[in-house]
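Order of the sequence lines fixes the chain letters, A, B, ..., with proteins taken first and strands second; residue numbering starts at 1 for each chain.
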2 protein chains.
Amino acid sequence: MTQGPPKGLPMTVRAKGLPSRVRIHEVGPRDGLQNESAVVPAEVKAEFIHRLADAGLSTVEATSFVHPKWVPQLADAEELYPRLADLTGVRLPVLVPNERGLDRALALGARDVAVFASATESFAKANLNRTVDESLAMFEPVVARARDAGARVRGYLSMCFGDPWEGPVPPAQVVRVCRALTDLGCDELSLGDTIGVATPGQVAGLLTALGAEGIGPERLAVHFHDTYGQALANTFAALQHGVSTVDASAGGLGGCPFAKSATGNLATEDLVWMLHGLGIETGADLGRLTATSVWMAERLGRPSPSRTVRALSHKE
Amino acid sequence: MTQGPPKGLPMTVRAKGLPSRVRIHEVGPRDGLQNESAVVPAEVKAEFIHRLADAGLSTVEATSFVHPKWVPQLADAEELYPRLADLTGVRLPVLVPNERGLDRALALGARDVAVFASATESFAKANLNRTVDESLAMFEPVVARARDAGARVRGYLSMCFGDPWEGPVPPAQVVRVCRALTDLGCDELSLGDTIGVATPGQVAGLLTALGAEGIGPERLAVHFHDTYGQALANTFAALQHGVSTVDASAGGLGGCPFAKSATGNLATEDLVWMLHGLGIETGADLGRLTATSVWMAERLGRPSPSRTVRALSHKE
């Protein structure tokens, strides 16, 4: 049993200097399910994505075309993607790690693709088995060919604020990789706090440094993790600096390695609560979103870690 | 097993216009334990408070002198308070609902007391069985006599942003009760979002409205609940408006009615992570705080809902 938010709440009070509309880039079906131990059947994934679209989300990252060996949870991309053909008004980005992945995505008609880079050498090595510059060289033909094919290209950048091996990440290092991804032709960059360690001053500092290099908030998204509970405060700081695309995961999907039901990604519902309270349009219906996350949590056999989902799905 | 934060993290980046130091008003032993179903023995409470003081917290709300019938969890105030006599450098506020409670607190040597009012008629009726004005009349002699005895007086104000019966709460209504509590002689007011529904614009709006009435941030504290995940974003907004006293509960103690391990109060550790990241001094040691919350969680037999506590107490 779920319900909408309490009558008249959150109260809407606009705050100065914030965007009037935010595009939520929903990552639950990809970034969320990729980190779940359970492998979810393609028909359940397809229903999940349809429900998210019905809840008013305009961008739902659908899957990844990495090699099935690396991410078995998303090995069914070829089976899943055609099931989404009726969602013509919804952007359905997919991850492509290399030209082979791009070929697979384009063959299915994908119009939104994303590459994933790292701001640190340690994570580039761990995640891509390459140096940062080697991974950028790998992405060069991917981005060029995707654009030639008329696709929009997002560049993910991991570890923009802290790295488990290297500690704090200097903004200049992030700016350099953002500049390189922009020069390759990425339409949008998503700044990832992969281990959730950022705080709002650091977010403001990086956005200011990027702006000084001509990379303004109109081409940036933020992607915060809630490992230390900082994701929404960091999002608010990013909104104050003009960012109007925010990544989030329905129900906070995306298991954390360290605790059952602890969160990885910022929960879409917690984000929507704040945005609607701030009078920012999202197109999302909080009641439907919550019902979708409860439905998905039942399929995964564990409760949603989203605070808003828990509050709104409380049985009296 | 707990550990301190990862080396060099959070990275410290000062943000413009924030206070250089924040006083954390720790409410775990009172507001936290009051809402736990388990009754914790006085010697465990005393050890908890000593550990919190050892972790660098300068203000630890110790207990409540309400009638034991209403809050059996804190019925041992007379047994607990003398066990804290060695904590001479720490402020140990106690709740006093009326003159009888004040008598009990002063007899034990309390130097910091707090009364608790409501911004809404519905909650005043539910919590105090009085109208707002009747409760203010009840507090008048309490505040006057506490001040005559040389005690500092905090006024708690519940339901400042939303009320479960009334929905959104107009700022003018909150301002009126704040003005009345100030006129009674309260040294500090704690603005409570008792059901956790506020968003940052609403926080900024209320602080602006209070400032226009001559009630500035230097005499205000904020008290946010994390029911919808908004507490830390709201705290950041309050800091941007000059507030430098923040209520929080170690480990996020304070059971929520709706879900095991869901949070009520903002977790002190999540707050400290943000403040230290922002370069704001607190005096708190995050490693010791986390160890204390893990210790307390073991005594309560359930994990801490604090994201930071979970992350830092993860067993590899």
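In this structure, OG on B:Ser244 lies 8.0 Å from CZ on B:Arg23, to the nearest 0.5 angstrom. Rounding to the nearest 0.5 Å places CH2 of A:Trp273 at 7.5 Å from CD of B:Gln230.
Using a 4.0 Å cut-off between charged nitrogen and carboxylate oxygen, A:Arg310 and A:Glu269 do not count as a salt-bridge pair. Using a 4.0 Å cut-off between a side-chain N of Lys or Arg and a carboxylate O of Asp or Glu, A:Asp226 and B:Arg307 qualify as a salt bridge.
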Would you give me the side-chain donor-acceptor pairs under 3.5 Å for residues 199-210 of chain B, sequence neighbours excluded?
{"from": "B:Gln202", "atom 1": "NE2", "to": "B:Phe161", "atom 2": "O", "distance (Å)": "2.8"}
{"from": "B:Thr208", "atom 1": "OG1", "to": "B:Ala204", "atom 2": "O", "distance (Å)": "2.8"}

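With sequence neighbours excluded, the residues that form a side chain to side chain contact (heavy atoms under 4.5 Å, CB included) with B:Ser158 are B:Phe123, B:Thr194.
In this structure, the portion of B:Ile195 lying under 4.5 Å from any heavy atom of chain A is its side chain and not its backbone. Only the backbone of A:Val169 comes within less than 4.5 Å of a heavy atom in chain B; its side chain stays farther off.
Here side-chain hydrogen bond (donor to acceptor under 3.5 Å, both in side chains) pairs that include residues 10-20 of chain B, with residues two or more places apart or in two chains, number zero.
Looking at A:Asp247, A:Asn265, A:Asp193, A:Asn234 one by one, the single match for side-chain hydrogen bond (donor to acceptor under 3.5 Å, both in side chains) with A:His225 turns out to be A:Asn265.
The candidate from A:Ala237, A:Ala15, A:Gly8 with the greatest count of non-hydrogen atom pairs under 4.5 Å with chain B is A:Gly8. Between chain A and the residues B:Gln240, B:Lys7, B:Glu166, the most heavy-atom pairs under 4.5 angstrom are made by B:Gln240.
Among residues 274-283 of chain B, the residues having any heavy atom closer than 4.5 Å to a heavy atom of chain A are, in sequence order, B:Met274, B:Gly277, B:Leu278.
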